[in-house]
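Here is the structure we will look at, set down as structure tokens.
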Amino acid sequence: MSDGEKPVAERYDPASIEPRWQAYWEKHETFRATRTPGKPKYYVLDMFPYPSGDGLHVGHPEGYTASDILARYKRMRGFDVLHPMGWDAFGLPAEKYAIKTGTHPRDTTKKNIATFKRQLKSLGFSYDWAREVNTTDANYVRWTQWIFLQLFKRGLAFQSEAPVNWCSALGTVLANEEVTDGKSDDGHPVVRLPLRQWMLRITEYADRLAADLDGLNWPDTKAKQLHWIGRSEGAEITFAIEGSSEVLSVFTTRCDTLPGATFLTVAPEHPLVKKLTVATHNAEVDAYVRSALAKTDMDRTDLSREKTGVFLGSYAINPINGDRVPVWVGDYVIGTYGTGAVMGVPAHDERDHAFAKTYSLPIVAVVASETGEAINVADAAFTDDGVAHGVRGSIAIADGTKSAEARKLIVQHLERIGRGNVRVTYRLRDWIFSRQRYWGEPMPIYFPVDCDGDPRRSESQFTIRFNEPIAVDESELPLRLPDLDDFSPGEDPAGALARATDWRFFQREGKWFARETNTMPQWAGSCWYYLRFIDPKNDAAAWSQELYDAWMPVDLYVGGSEHAVLHLLYARFWHKVLFDIGVVKHNEPFTKLVHQGMILGEDGQKMSKSRGNVINPDHIVKSHGADSLRAYEMFMGPLEAVKPWQTSGIEGVKRFLDRVWNVSTGALTDACDDGTKKLLHKTIQKVTHDIETMHFNTAISQMMVLTKHLGTLDAAPRQAVRTLALLLSPFAPHLGEELWSRLGFAQSLAYETWPTFDPALVKDDTVEIGVQVNGKLRGTVTLAIDADEATAKAASLEDPKVLSFVEGKTLKKLVYVKGKIVNFIVG
RNA sequence: GCGAAGGUGGCGGAAUUGGCAGACGCGCCAGAUUCAGGUUCUGGUGGUGGAAACACUGUGCGGGUUCAAGUCCCGCCCUUCGCACCA
């Protein structure tokens, strides 16, 4: 290496620099979040991870680096920054592992968190670790349960029977995605079983959840949520049933097509199916309904399937024209949407058309094309709006009106005769909130028990009065999970906790009670963690109002788009409930939202263990350093884009940091030439702008340009090197700190003032612009920025090439846009 | 089917308001350093033709507007991601 005579320049060695600065930050509590009166605040939040056994993958640091850049930048801009991290630690993998190995999920979780924390720390994120929260901590669970009780007390948490996929062999409820043809993925039979479930009445907030999206600085996630909420304006129409006192209501957005209804179809789960079935059709209908209900939602909604149904034998009366139409049951009708029944208008609805074709039901057109074109509804439905025609009877006045007008007239008429009304319906369903699982928050609810003797004894008979739920007193929270040896849900759909009889049953004033044995879903903890971060140690309340005022709302929220609907909708819902209770003051929690794009493997495929294309951040930190990993992930492309990993790419970024190191630790000078100064100020401007707009890739590219220029100088201006260290520090914080300290500063640069640029210096006084002849580029010319046309023309014609294309031709027109272009139009 | 985003070199990607397409990085080529390999440094690098000067051509496809189009307008094609019988 060294020949012993010449001192060899010290090389950039992230492996020694990075741990040193991490220790420094920790020792000095550099990133402790505190509020100073008069200073602006900035709350930048990452979606906290589920600490899986696999540890961090390179996708995690992408979003975390982006948010960390903003956090570090805002500190240097004089903001009080709240940048916390924690663990969404309840969930299935730890429980599955527990069932397999007998290890308590608590131990697995603890171990995984330690790994995640070590990895995150090795990447130099500026979190205030004193605020770390863990959704499985009793101190956190306590407040999750407290919020649940608030929902319960307001009637927003209620019980209901909902059909679920129950697999007794696995002892668990399965998600629809895990069931095919009535079997689990490993072939065990699955039955559709109505189970008592806890539901949250999110539908009550549907309107506000849709309307309040308006004010948010969110990407197209807003559109996704709107679609998910699915607000739909239409009418509810009531049909009388021939020879019965029952009536059948349907929901439709096209009540203008009511005159063309030729049948009604109800969902198999519709409560009136039995009553509307005439005796001779009983057997057939029963068989159909039973087979339909056994299907999973996935199978039911398979679009490629032919529509099926069975005639119930009864007839309904069309309220508008007295037509007698048959009532069918069909599983293409969704039981939980609208009224669970539809009117069949085959001429103007594709689904009804398909159904009518299959069962040879009449197709009657009642909407004509507005242009007067002939419409053949025998082959396909005409679903566009048009002009009503063939409207008979009491509201014949609607005949000939446009569809929108006809809708109005018809619904008004229905209202008058008491057969219908305007109605708004939502796709959004109430949220099934219970899981038959061990590793989740216990519900703070118990029920009275009827029994003689001790219900904990296996031979005793008891009845739990589920319809009389009682809230656990807030002073008794948290309600902790019992310890178990076996974490599997077991054969009892009540779940694993049902076996913890000593925990489940208790006596009060001589009476027996039973605790709820369902637990909350994993979403519960993540619904409000951003609020706990503002006051994580509070024992008296979930958070204090002072700290709420100090930090909320979240200014920037960074996380994956896979949470675009569920997590982000659930959290907004809880926030609105908390708003109604008066414990939060904003109607929305997350002002600005950004989704980082997925990082694919080098083969362009999604990273997965089975493909063997997973990049482990630990290895990259070891081989190239954390700063290189951070900077490379930001350099790959736009934050939101999906982009493939390229190992050669990170080497390029490492070379860049090497050059920054060489230039900054080499010969320096106090002088600074004008060209360098100009480039420096342009770099400050661009990097600042690009951080604000989160265009990190172009910010880095600009710093590369500056660094390359500094490398061409005999000695780099001290002022430029100093500024570069500051500009680079949000991206490569360890290197930034190291250079800063080598430049002679004793303190961390974390709170150093962000560099500003001189507007006079970033403005060029001369520019090189293109010279075109007839729109084709023929040369370039350097001009003063405000040169007049005559000067521009003369200078352009000095270029022999330009001249040769212009010479001997008539100049028809000269286009000159200052600072942009010269264009000779010749003929 | 519906909704959204997007198609730019061999690759990842740049391109405020229409104004020199391809910044920056990777890769590749040549040169310098080196015993050599690697490292580092310098220069080159969209395509076609040409020894070269240079010319033509070029941002998914086809039209259009304009002095000028990756960018604006119309009509297609393709890709990715959501949602998917919601009446």
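Keep in mind that what you see is a predicted model, and the values were worked out from it rather than measured. Reckoned from all heavy atoms, side chains included, excluding hydrogens, waters and symmetry mates.
Phosphate contact (OP1/OP2 of B:C24, side-chain N/O of A:R655, threshold under 4.0 Å): absent. The side chain of A:R778 contributes an N or O atom lying less than 4.0 Å from OP1 or OP2 of B:C56. Look at A:K708 and you'll find a side-chain N or O under 4.0 angstrom from OP1 or OP2 of B:G25. Side-chain nitrogen and oxygen atoms of A:R659 include at least one within less than 4.0 Å of the OP1 or OP2 phosphate oxygen of B:C41. Between A:S648 and B:G25 there is no side-chain N or O to OP1 or OP2 distance below 4.0 Å. A close approach under 4.0 Å does not occur between any side-chain nitrogen or oxygen of A:N774 and OP1 or OP2 of B:C67.
As the counterpart of B:C20, no nucleotide is assigned, since no Watson-Crick or G-U wobble pattern has both distances under 3.5 Å. Across all strands shown, B:G49 pairs with B:C54; the Watson-Crick or G-U wobble distances both stay below 3.5 Å. In this structure, B:C2 and B:G82 make a Watson-Crick or G-U wobble pair, each of the two defining distances being under 3.5 angstrom. When both distances must be under 3.5 Å, the Watson-Crick or G-U wobble mate of B:G70 does not exist. As the counterpart of B:G75, B:C61 is assigned, both hydrogen-bonding distances of the Watson-Crick or G-U wobble pattern falling under 3.5 Å. Partner assigned to B:U40 is B:A32, using Watson-Crick or G-U wobble distances below 3.5 angstrom. Across all strands shown, the partner of B:C26 is B:G10, judged by Watson-Crick or G-U wobble contacts whose two distances both fall under 3.5 Å.
One N or O donor and one acceptor, one from the side chain of A:E768 and one from the base of B:C20, sit under 3.5 Å apart. Between the side chain of A:K776 and the base of B:U57 there is no donor-acceptor pair of N/O atoms closer than 3.5 Å. Scanning atom types as modelled, no donor and acceptor separated by under 3.5 angstrom connect the side chain of A:K224 and the base of B:C83.
B:A23 and B:U8 are spaced 13 Å apart, taking the C1' atom of each and rounding to whole Å. Spacing of C1' atoms, B:G70 relative to B:U59, comes out at 5 Å, to the nearest Å. Rounded to whole Å, the C1' atom of B:C11 lies 7 Å from the corresponding atom of B:G27. A gap of 32 Å separates the C1' atoms of B:G82 and B:G10, to the nearest Å. B:C54 and B:C35 have their C1' atoms separated by 44 Å, given to the nearest Å. For the P atoms, the distance from B:C81 to B:G13 is 15 Å, rounded to whole Å. A gap of 25 Å separates the P atoms of B:G18 and B:C24, to the nearest Å. If you take atom P in B:G25 and the same atom in B:G43, they sit 12 Å apart, rounded to whole Å.
A salt bridge links A:K654 with A:D658: at least one charged nitrogen is closer than 4.0 Å to a carboxylate oxygen. Residues A:D786 and A:K818 are not paired through a salt bridge, judged by the lack of any N-O separation under 4.0 Å between the basic side chain and the carboxylate.
When distances run from any side-chain atom of A:F635 to the nucleotides B:C83, B:G25, B:C67, the shortest one goes to B:G25. Picking from B:G13, B:C41, B:A87 the nucleotide with the shortest atom distance to the side chain of A:K643 gives B:G13. The side chain of A:V342 lies closest to B:A87 when the candidates are B:A87, B:C11, B:G19. Among the nucleotides B:C20, B:G12, B:A23, the one closest to any side-chain atom of A:S701 is B:A23. Nearest nucleotide to the side chain of A:T698, out of B:G19, B:A15, B:U40: B:A15. Comparing B:G25, B:C85, B:C83 by their closest approach to the side chain of A:Y332 singles out B:C85. Closest to the A:P638 side chain, of the nucleotides B:A84, B:A14, B:A87, is B:A14. Nearest to the side chain of A:K813, among B:A87, B:C67, B:C83, sits B:C67. When distances are taken from the side chain of A:L777 to each of B:G19, B:C85, B:C20, the shortest belongs to B:C20. For A:Y337, whose side chain is taken as the heavy atoms from C-beta onward, the closest listed nucleotide among B:C20, B:A87, B:G12 is B:A87.
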- request: Please step through salt bridge (charged side-chain N to carboxylate O under 4.0 Å, His left out) for the pair A:D385 and A:R254, ending with a clear verdict.
  value: CA-CA 9 Å; A:D385 271 8; A:R254 289 297 304 274; 3.8 Å; yes

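Residues A:Y12 and A:T665 have side chains that never bring a donor and an acceptor to within less than 3.5 angstrom of each other. Between the side chains of A:Y816 and A:D788, no donor N or O sits under 3.5 Å from an acceptor N or O. Between A:T336 and A:R429, the side chains place a donor N or O and an acceptor N or O closer than 3.5 Å (distance only, hydrogens not considered).
Computed from coordinates, the A:E640 CD to B:G13 P distance equals 12 Å when rounded to whole Å. Rounded to a whole Å, the CD atom of A:Q225 is 14 Å from the C1' atom of B:C83. Between A:D658 atom CG and B:C26 atom P the separation is 12 Å, expressed in whole Å. Rounding to whole angstrom units, CZ of residue A:R254 and P of B:C85 are separated by 20 Å.
Between A:K307 and A:T265, the closest side-chain pair of non-hydrogen atoms is not below 4.5 Å.
Within 4.0 Å of A:E651, counting heavy atoms only, lies no atom of the nucleic acid at all. Among the atoms of the strands shown, none is found under 4.0 Å from any heavy atom of A:F355. Residue-level contact check: A:S232 touches the backbone only, with heavy atoms under 4.0 Å from sugar-phosphate atoms and none from bases. Residue A:D220 is classed as a sugar-phosphate contact, given heavy-atom separations below 4.0 Å to backbone atoms only. Within the 4.0 angstrom heavy-atom criterion, base atoms lie near A:V817. Backbone-only engagement by A:V642 is indicated by non-hydrogen atom pairs under 4.0 Å involving sugar-phosphate atoms exclusively.
A residue-by-residue look at A:I334 and A:H689 shows that A:H689 has its nearest nucleotide of RNA chain B further toward the 5' end. Both A:D349 and A:H695 lie close to RNA chain B; mapped to their nearest nucleotides by heavy-atom distance, the more 5′-ward contact belongs to A:H695.
Tested against A:L264, the residues A:V329, A:L248, A:I237 include a single side-chain contact (heavy atoms from CB on, under 4.5 Å) partner, A:L248. Checked options A:V247, A:I320, A:V411; the residue passing with A:R419 is A:V247 (criterion: side-chain contact (heavy atoms from CB on, under 4.5 Å)).
Base orientation of B:G27: anti, since the glycosidic angle falls outside 90° of 0.
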